[in-house]
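Here is the structure we will look at, set down as structure tokens.
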2 protein chains.
Amino acid sequence: MNTATDTTTAAEHAHTTAWIASVLRARIAAGQLTPGSKLSEQSLSESLGVSRNTLRQAFATLAGESIVTRIPNRGVFVAAPGVEEVREIYRVRRTIEPAAVLWGRPTPAQLDAMDAIIRKARAARDAGSVPEMANANQAFHEAVVSLTGSELLRELMDKVLAEMRLVFHAMSAAPDFHTHYVDRNAAVVEQLRRGENERAAADLRAYLDAAESELLGHLEGEAPNR
Amino acid sequence: MNTATDTTTAAEHAHTTAWIASVLRARIAAGQLTPGSKLSEQSLSESLGVSRNTLRQAFATLAGESIVTRIPNRGVFVAAPGVEEVREIYRVRRTIEPAAVLWGRPTPAQLDAMDAIIRKARAARDAGSVPEMANANQAFHEAVVSLTGSELLRELMDKVLAEMRLVFHAMSAAPDFHTHYVDRNAAVVEQLRRGENERAAADLRAYLDAAESELLGHLEGEAPNR
DNA sequence: TGAGTGAATATTGTTGAACAATCTGTGAAT
DNA sequence: ATTCACAGATTGTTCAACAATATTCACTCA
């Protein structure tokens, strides 16, 4: 049950290039390819059994998703988000997410889905499973953005959340970052159910501010440079 | 700038693929390549003087920007936004733009820049220059999104505005769509200057609703199918 | 010893040709 | 007229090569 970004999925050898792109995406998301590491065209094309040309095309796709950075004549590297990138991530989230809860009109089905996500998050917290909690948290924020009904905004949120995962992978020891926020997520849903959209938006903004500060604190302490 | 079709022996080694991508982008934006038209790999690679392989890579980039759609084994076509795409465009704008004015803290410089844009729009309207008005309108909404300080959101807005231009190109006779909205833009800036952010956000949302309705009306009347 | 220099090497960027897979359109047979 | 098959055209992918740029490393000279 991966919630990785799915584009044109399934269909095995439909397009080799899309297949390769998804393989690389999965490996990066799984932390198998650590941020900053170089992706050599020759070795990768050999190990994946594809031409250097199609691999290159897959690189173009991944670069468009900004989970890989391309330096001319130097090669492509797994994106290594730093302090500035984290700030940018939260600039986006602080704009989109509160707007979604402020002006969104949640259907009962959407509210129930969010409640289900909250339950899963609580179960993961009680079980002490950090990856499960990370997944649930990501699902929650995707559900929030889905309130806008916009596919483009959902894609942007996907991109941003993928970058978030890279940030966590870049930190040597990932703390239980999400523990504090499970209940705040639940509070937002409760306010939405009561129709207190303005309150929910304000709380969500404060919540995001706190999360950014905490994350930046960890990041500064762990890896000041690079 | 140059619209020369021949790249005989000039302009090499400046990242051919990016160059080709920008050339195609410019031609599409200029309406030289109309929405729905097919981009043949063979003829384009010949006329542009590049390999079919690098052209293909440029296609991957443009597809990532969704100004071109790729149909497997059929080819790539200039995106032809329809009714559903217009609705999606306004879902995005109705989320991002009001959020930017509601939670943004405009600097005096930003306000002055917006005033300058308004002046340009008024001059264009008085001169009856539709393209100038379109440019000014686009600049205004980019300035609005810039209030968030986010580069990613600005890029998304760019993408959306590029799609808007395709919509206009798809309409046989583009009416003076922007005429009505120059003063409403000015009103938003005025409210921002007075610190009435909530009012500005509400007005902007109503404004976007009206624009969407008008555009959809034109679109239904002009080209009902594909 | 250490810093600067320059050739040797490796990697990326681009090309052209080739072949497989798929789609399109035409014509023949029923 | 409908269906089927076959040839033609276009896209998807691979391979081998070369040009351009980066990196490495040995070497000279203070």
Side-chain angles (χ1 to χ4, degrees), chain A residues 7-25 28 33-34 36-80 226, chain B residues 4-25 28 33-80 226:
Chain A
T7 51
T8 53
T9 64
E12 309 178 0
H13 303 195
H15 288 335
T16 316
T17 172
W19 169 261
I20 294 299
S22 71
V23 167
L24 291 178
R25 216 174 299 152
I28 292 175
L33 264 40
T34 61
S37 64
K38 179 177 178 179
L39 302 181
S40 160
E41 292 189 358
Q42 181 171 328
S43 42
L44 261 186
S45 65
E46 283 179 14
S47 82
L48 292 173
V50 297
S51 161
R52 200 160 69 91
N53 240 328
T54 61
L55 175 65
R56 177 168 269 273
Q57 190 150 336
F59 279 164
T61 301
L62 296 179
E65 300 173 21
S66 67
I67 76 180
V68 126
T69 60
R70 178 168 231 154
I71 305 181
N73 292 319
R74 290 279 310 265
V76 309
F77 303 81
V78 180
R226 222 321 170 147
Chain B
T5 319
D6 56 348
T7 58
T8 54
T9 56
E12 302 176 18
H13 313 139
H15 280 328
T16 317
T17 174
W19 170 260
I20 293 298
S22 72
V23 166
L24 291 178
R25 214 172 314 169
I28 291 174
L33 264 41
T34 63
S37 64
K38 180 176 178 180
L39 302 180
S40 162
E41 292 189 356
Q42 180 171 332
S43 42
L44 261 186
S45 66
E46 283 179 14
S47 82
L48 291 173
V50 298
S51 162
R52 198 161 71 91
N53 240 328
T54 62
L55 176 63
R56 176 168 269 272
Q57 188 149 337
F59 280 163
T61 301
L62 295 179
E65 299 173 22
S66 68
I67 75 180
V68 127
T69 60
R70 176 168 233 153
I71 304 181
N73 292 319
R74 289 281 311 266
V76 310
F77 303 82
V78 180
R226 209 19 142 121

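Reminder, nothing fancy here: chain letters follow the sequence lines and each chain counts from 1. Computed from heavy atoms alone, side chains included, the values below leave out hydrogens, waters and symmetry copies.
- If you take CZ of A:Arg74 and C1' of D:dA20, they are 15 Å apart, rounded to a whole angstrom.
- For the residue pair A:Thr61 and A:Arg25, the shortest heavy atom distance occurs at CG2-NH2, 4.5 Å.
- Looking at the side chain of B:His15, the nearest of the listed nucleotides D:dT14, C:dT24, C:dG13 is C:dG13.
- When side chains are defined from C-beta on, A:Arg70 counts as touching A:Arg56, because their heavy atoms get closer than 4.5 Å.
- Comparing A:Gly49 and B:Lys38 along DNA chain D, the residue whose closest nucleotide (by nearest heavy atom) sits nearer the 5' end is B:Lys38.
- Atom CG of B:Leu55 sits about 5.5 Å away from atom CG of B:Leu44, to the nearest 0.5 Å.
- Checking C:dT12, D:dT10, D:dC15 against the side-chain heavy atoms of A:Ser51 singles out D:dC15 as nearest.
- For the pair A:Glu46 and A:Arg52, the salt-bridge criterion is not met [side-chain N within less than 4.0 Å of a carboxylate O].
- Within the model, atoms CD1 of B:Ile71 and NZ of B:Lys38 stand 9.5 Å from one another, a figure rounded to the nearest 0.5 Å.
- To the nearest 0.5 angstrom, B:Asn53 atom CG is 4.0 Å from A:Asn53 atom CG.
- We find that CZ of B:Arg56 is positioned 18 Å from P of C:dG13, with the value rounded to whole Å.
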Paired and unpaired positions of DNA chain D as dot-bracket, Watson-Crick or G-U wobble under 3.5 Å, | denoting a partner strand: ||||||||||||||||||||||||||||||
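- Between A:Asn53 and A:Gly75, it is A:Gly75 whose nearest contact on DNA chain C lies nearer the 5' terminus.
- In this structure, A:Glu46 places its CD atom 15 Å from C1' of C:dT12, rounding to the nearest Å.
- Residue-to-nucleotide proximity on DNA chain C shows that, of B:Pro72 and A:Gln42, the 5′-proximal contact is made by A:Gln42.
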Restricting both atoms to N or O, compile the protein contacts to nucleotides 6-10 of chain C shorter than 3.5 Å, with distance only.
none

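- Of all heavy-atom pairs spanning B:Ala21 and B:Ala58, the tightest one is N-CB, 4.0 Å.
- Candidate nucleotides D:dT23, D:dT11, D:dT14 were compared by shortest atom distance to the side chain of B:Glu41, and D:dT11 ranks first.
- Nearest heavy-atom pair across B:Ser22 and B:Trp19 is OG-O, 2.8 Å.
- With D:dG12, C:dT14, D:dT10 as the candidates, the nucleotide lying closest to the side chain of B:Thr17 is C:dT14.
- Between the side chain of B:Arg52 and the base of D:dT13, at least one donor-acceptor pair of N or O atoms lies under 3.5 Å.
- In this model, the phosphate group of C:dT14 is not approached by any side-chain N or O of B:Thr54 to a distance below 4.0 Å at OP1 or OP2.
- Side chain of A:Thr54 to main chain of A:Val50: no donor-acceptor pair is present (N/O by atom type, distance under 3.5 Å, no hydrogens or angles).
- Atom CG in A:Asn73 sits roughly 7 Å away from atom P in D:dT21 (whole-Å rounding).
- B:Ile20 places its CD1 atom 16 Å from the P atom of C:dG13, with the value rounded to the nearest Å.
- C:dT12 atom C1' lies 17 Å from atom CD of A:Gln57, rounded to whole Å.
- Judged purely by atom type and a 3.5 angstrom limit, B:Ser66 has no side-chain atom pairing as donor or acceptor with the backbone of B:Ala63.
- Regarding contacts with the backbone of C:dT14, a side-chain N or O of B:Thr16 is found under 4.0 angstrom from either OP1 or OP2.
- The CG-P distance, from B:Leu55 to C:dT15, rounds to 10 Å in whole Å.
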Is there a side chain to side chain contact (heavy atoms under 4.5 Å, CB included) between B:Leu39 and B:Val68 once you walk through the steps? CA-CA 9 Å; B:Leu39 302 180; B:Val68 127; 3.9 Å; yes
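- When all heavy atoms of B:Thr34 and B:Val78 are compared, the pair lying nearest together is O-CB, 3.6 Å.
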Write down the protein N/O and nucleotide N/O pairs, taken from nucleotides 5-8 of chain D, whose separation is under 3.5 Å; answer none if there are no such pairs.
none

